[in-house]
Amino acid sequence: MKRTSAGTLPLPAGQHTLHEVLSQPATWTETARQLEKEGMLERLAGIFSSHEPWIFVGCGSSYYLSQIVAAVWEKTFQIPCTAMPASELLFAPEETLRRTGARQAVLVSRSGETTEVLRAGMLLEKHREIATLGVTCNAGGPLERFCKQTLKLVWADEKSTVMTRSFTSMLLTFERLGALLSGDVRVAAPLDGLPEKAQAWLDANAGKIQAFAAKRKFADFVFLGQGAHYWLAQEAGLKITEMSSSYAQVYHTLEFRHGPRSIAGPETLITFYVSDAAEEEETLLVRELKELGAATMVVANRASPALERYSDLLIEMGMEEPEFARLAVAAIPAHLLGAGVGLRKGLNPDAPKNLTRAVVLGSNGNGHGKRRRD
Ligand code: F1P
């Protein structure tokens with residue numbers, strides 16, 4: 001086996017990714033400890049407002065993370081909040097800022113180096129009325145230059161190209177911040193026990209998901225979700241695409257009947273993120289598609305006889321916590337599915353084809369990525 005430039009033997013494929021995925025409970029514990037120690041969120045809650053409209057700006061997984069935070073902030077904490085890809089702000093700044101009425105902005109970038117996000121930061125600098133908060137896992141990146149305050153979750157960074165623990169750690173951080181901004185920090189109390197619950201859940205389920213991914217061959221993947229789960233489904237689609245170079249489609253759950261249903265069959269794995277609000281209707285669709293011959297994977301908080309009967313793989317969270325507090329755990333099955341499918345296809349999820357840790361554009365706008373830090 002070829003040695004690395006450092007003369008060491010390379011890690012087997014996917015080892016960074018699997019370590020990062022399975023270390024999420026410990027990373028969440030560290031995140032809570034660091035935020036507590038720094039008193040950072042309390043400080044931010046004293047600087048930023050809960051009633052002035054927010055915009056969240058990111059790319060890739062950081063964009064989907066932004067959408068999940070916006071859904072939780074609006075629904076659970078009643079904080080006015082819009083999320084968008086950085087490019088939306090860049091190419092329609094005045095319309096976007098007018099439409100959203102944004103007075104506060106969050107720039108989300110694990111690397112802190114994504115050109116589109118940095119350009120969004122430069123643009124927002126011209127709008128003195130808008131206060132900008134950055135969140136990154138790279139303390140040395142240029143993002144901080146454009147932000148009034150910057151959260152740096154360096155302990156949550158990955159060596160892998162693909163975001164997993166950085167995604168869930170930033171999600172939990174903003175769920176805590178949302179509770180503080182809303183004035184009732186007790187709403188975030190369910191997050192305190194999450195690392196322990198998630199560890200128990202991983203111990204009971206990680207092997208099941210990995211075995212399923214290793215055994216079954218699928219031509220393509222569909223992910224379905226409602227509300228915040230729709231954006232979890234988008235992130236799942238991106239994970240399977242990045243980690244295994246597979247085709248994935250994402251829809252609002254009941255939208256699948258309106259045309260995409262035509263692709264249901266044994267070659268396509270359809271994953272349902274069952275939501276508290278639409279569980280009954282979503283379960284009916286699981287049955288309907290199973291009866292059409294589709295392969296079904298279900299991520300639900302509570303198993304039911306129908307879900308047991310019509311799922312090829314049923315992943316039960318089994319948690320008492322409210323739905324917003326379960327989202328970070330519900331993100332993990334896709335991490336394990338993506339890595340498992342990638343490994344089965346002989347790929348290396350740590351270093352996906354065509355991808356880099358950050359999309360750093362040259363002055364002429366041609367994409368060339370920021371190589372992984374080994
Ligand atoms: C955003 C991102 C990642 C993606 C890939 C390229 O990075 O799109 O979500 O997985 O690594 O970059 P960042 O702005 O959050 O660093």
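Remember, it's 1-based here, ligands and their atoms both numbered in the order they're listed. All figures in this text were calculated on a predicted structure; none of them were measured in a lab. All values below come from the heavy atoms of this structure, side chains included, with hydrogens, waters and symmetry mates left out.
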> Is V117 near ligand 1, meaning one of its heavy atoms is under 4.0 Å from it?
Replying inline: no

> Does some non-hydrogen atom of T356 fall short of 4.0 Å from ligand 1?
Replying inline: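 Within the 4.0 Å threshold, so yes.
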
Write out the residue and atom name of the closest protein heavy atom to [atom], then the distance separating them to 0.1 Å.
| atom | answer |
| --- | --- |
| atom 7 (O) of ligand 1 | T114 OG1, 3.6 Å |
| atom 4 (C) of ligand 1 | E242 OE2, 3.3 Å |
| atom 3 (C) of ligand 1 | M163 SD, 3.8 Å |
| atom 15 (O) of ligand 1 | S62 OG, 2.5 Å |
| atom 12 (O) of ligand 1 | R357 O, 3.4 Å |

>> With a heavy-atom distance limit of 4.0 Å, tell me whether E113 approaches ligand 1 through its side chain, its backbone, both, or neither.
In response: neither

> At under 4.0 Å between heavy atoms, which part of T136 makes contact with ligand 1: side chain, backbone, both or neither?
Replying inline: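 Neither; no heavy atom under 4.0 Å.
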
> Out of S61, C59, G60, whose heavy atom sits nearest atom 1 (C) of ligand 1?
Replying inline: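 The nearest heavy atom belongs to C59.
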
>> Evaluate E158 against R110 for salt bridge (Lys or Arg N to Asp or Glu O under 4.0 Å), listing each step before the verdict.
In response: CA-CA 9 Å; E158 291 94 359; R110 169 191 64 174; 2.9 Å; yes

>> Any side-chain to backbone donor/acceptor pair from R326 onto E321? Under 3.5 Å, distance only.
In response: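 It does hold such a pair.
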
> Hey, which atoms in ligand 1 end up nearer than 4.0 Å to a heavy atom of T161?
Replying inline: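 Near T161, the atoms of ligand 1 are 11 (O).
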
> Can you list the ligand 1 atoms lying under 4.0 Å from a non-hydrogen atom of R110?
Replying inline: 11 (O), 13 (P), 15 (O), 16 (O)

> Should Q104 and L181 count as side-chain neighbours, where that means a heavy-atom distance under 4.5 Å?
Replying inline: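 Answer no - side chains too far apart.
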
> Should K152 and E144 count as an ion pair when the cut-off is N to O under 4.0 Å?
Replying inline: yes

> Between the side chains of T168 and Q24, does any donor sit under 3.5 Å from an acceptor?
Replying inline: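 Checked: T168/Q24 side chains pair up, N/O donor to acceptor below 3.5 Å.
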
> Can you find a side-chain donor-acceptor pair between T31 and W155 that sits under 3.5 Å?
Replying inline: yes

> Can E288 and R257 be said to form a salt bridge (Lys or Arg N to Asp or Glu O under 4.0 Å), step by step?
Replying inline: CA-CA 10 Å; E288 182 182 316; R257 286 198 182 97; 2.8 Å; yes

> Between Y63 and W231, does the ring centroid distance fall short of 6.0 Å?
Replying inline: yes

